[in-house]
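In each ligand, atom 1 is the first atom listed, and ligand 1 is the first ligand listed.
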Amino acid sequence: MSSSSSRNNPSARGLMVLKSLFEADGSLSGEDMARGLGITRSALWKLLGTLRERGFIIEGKKGTGYRLLETPDMSAEGIMASVRGPMGRAVIYRDAVDSTNELAMRLAGEGAPHGTVMVADAQSKGRGRQGRPWVSSPGKGLLMSVILRPEMSPEEAPRLTYLCSLSAVLGIRRVTGADVRLKWPNDLMIGDRKLGGLLIEMRTEPGAVLYAVAGFGINVSARVSQLHPSIREIATSLLIETGEAYKRSAIAVAILDEISLALEESPDAIMGQWKSLCTTLGREITVTGMRGTITGMAYDIDSAGRLLVRACDGVEHAVSSGDVTLAPSLSAAGR
Ligand code: BTN
């Protein structure tokens, strides 16, 4: 393990200490905590010290014991100690990587289990959809990739896009209350500005998806001036929209928990919810895909995940990939 990853990534015992602090209703006495975890008081004291070094503010008072007051903006153990389902039970956190998707694909190829998560503060070669780069301000965005081992055929794989993008929207809405919506195929939008996106990559064999990586890039705490100049006019962040600096760990946990829940849902239920939060349907759009550009009314998404568009000449098209431009809406506002 590199010095960067051992500094960032938790020990199993540190995680147990943190979980008991998270779950405690009030303060926990050092004696009870050490006994409950089967460790000595001095081992507990060291583990608390390590957690404090990593940014957890833990109050220790004689007589009452220990209480967690504050968690850092991003930490592997903060995510692992908070998730409720199978997603995020193992989290690898790096200060900087080329791409969390790249790393996750490599680890998945080496056998990393379903639900393993990679997060980073910065990426030097962030990947976006359609071969575009993904740029984000270091420390200001959630850069997260989740390894999935779904039991599905490659033909069913578009479902993963819907499942993961819906989970992102539901998770962010739950934490922040922001009116986040979906633009086909998987952009996360607030109004007409892009809050984030999703890139799914996978390895398949005939008849089966071996593994997939769902990579989320979400602008969390960047101010307008901190958004990369190339996206400043079209992007937004949770801080810009809500005025609050949400913790990236909290957003990550909410998304991971939504994925865990969504994996238990039927594809129809996912698609129904997705459509209800989608800004593309029922609007005049232009979609640019591999087969050219179509302008018309986006009226539905079929069971294969294709966008159905009725063009101006009345011809109906089923589009499986591309970029959508929405006709201007009244909600578009300057800033
Ligand atoms: C898009 O183009 O809208 C999708 C962007 C997805 C970016 C994320 S950031 C974390 C993960 N690692 C990557 O290299 N890409 C995804």
>> How close do Gln226 and Ser221 get, counting heavy atoms only, and between which atoms?
In response: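 Nearest heavy atoms, Gln226 then Ser221: OE1-O, 3.8 Å.
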
>> Minimum heavy-atom separation for Ile172 and Thr176, please, with both atom names.
In response: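 Heavy atoms only, the tightest pair is O-OG1, 2.7 Å.
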
Around [atom], find the nearest protein heavy atom and jot down its residue, atom name and distance.
{"atom": "atom 15 (N) of ligand 1", "answer": "Arg127 O, 2.7 Å"}
{"atom": "atom 2 (O) of ligand 1", "answer": "Arg129 N, 2.7 Å"}
{"atom": "atom 3 (O) of ligand 1", "answer": "Lys194 NZ, 2.6 Å"}
{"atom": "atom 5 (C) of ligand 1", "answer": "Trp134 CE3, 3.3 Å"}

>> Taking a cutoff of less than 4.0 Å between a non-hydrogen atom of the residue and any ligand atom, is Met144 in contact with ligand 1?
In response: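 Per 4.0 Å heavy-atom rule, Met144 contacts ligand 1.
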
> Any non-hydrogen atom of Gln130 lying under 4.0 Å from ligand 1?
Replying inline: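 Per 4.0 Å heavy-atom rule, Gln130 does not contact ligand 1.
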
Answer side chain, backbone, both or neither: which part of [X] comes under 4.0 Å from ligand 1, heavy atoms only.
{"X": "Ser145", "result": "side chain"}
{"X": "Gln123", "result": "side chain"}
{"X": "Asn186", "result": "neither"}

Go through ligand 1 atom by atom and flag the ones less than 4.0 Å from a non-hydrogen atom of [X].
{"X": "Asn101", "answer": "11 (C), 12 (N), 13 (C), 16 (C)"}
{"X": "Gly217", "answer": "7 (C), 8 (C), 9 (S)"}
{"X": "Phe216", "answer": "8 (C), 9 (S), 10 (C)"}
{"X": "Thr100", "answer": "10 (C), 11 (C), 12 (N)"}
{"X": "Gly126", "answer": "14 (O)"}

>> Checking Arg306 against His317 for the side-chain contact (heavy atoms from CB on, under 4.5 Å) test, could you report, in this order, the C-alpha distance in whole Å, the side-chain angles of both residues, the deciding distance, and whether it holds?
In response: CA-CA 9 Å; Arg306 296 175 304 181; His317 300 263; over 6 Å; no

>> Looking only at distances, can you tell me whether any N or O atom of Ser99, backbone or side chain, sits closer than 3.5 Å to an N or O atom of ligand 1?
In response: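 So ligand 1 has an N or O lying under 3.5 Å from an N or O of Ser99.
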
>> How long is the straight-line distance from CE of Met144 back to OG of Ser249, given to the nearest 0.5 Å?
In response: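 That separation rounds to 10.0 Å.
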
> From Leu199 CG over to Ser99 OG, what is the distance, rounded to the nearest 0.5 angstrom?
Replying inline: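 If we round to the nearest 0.5 Å, Leu199:CG and Ser99:OG are 8.0 Å apart.
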
> Could Arg129 and Asp323 be called an ion pair, given the rule that one side-chain N must be under 4.0 Å from one carboxylate O?
Replying inline: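 Salt bridge: yes.
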
> Thinking salt bridges, do Arg248 and Asp73 make one under a 4.0 Å N-O criterion?
Replying inline: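 Looking at Asp73 together with Arg248, the answer is yes, because their closest N to O distance falls below 4.0 Å.
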
> Do Tyr66 and Trp45 have side-chain N/O donor and acceptor atoms under 3.5 Å apart?
Replying inline: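 No donor-acceptor contact under 3.5 Å links the two side chains.
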
> Given side chains that start at C-beta, do those of Arg94 and Val119 come closer than 4.5 Å, heavy atoms only?
Replying inline: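 No, every pair of side-chain atoms sits at 4.5 Å or beyond.
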
> Hey, mind stepping through Tyr93 and Asp121 against side-chain hydrogen bond (donor to acceptor under 3.5 Å, both in side chains) and telling me if it holds?
Replying inline: CA-CA 8 Å; Tyr93 166 44; Asp121 281 343; 2.7 Å; yes

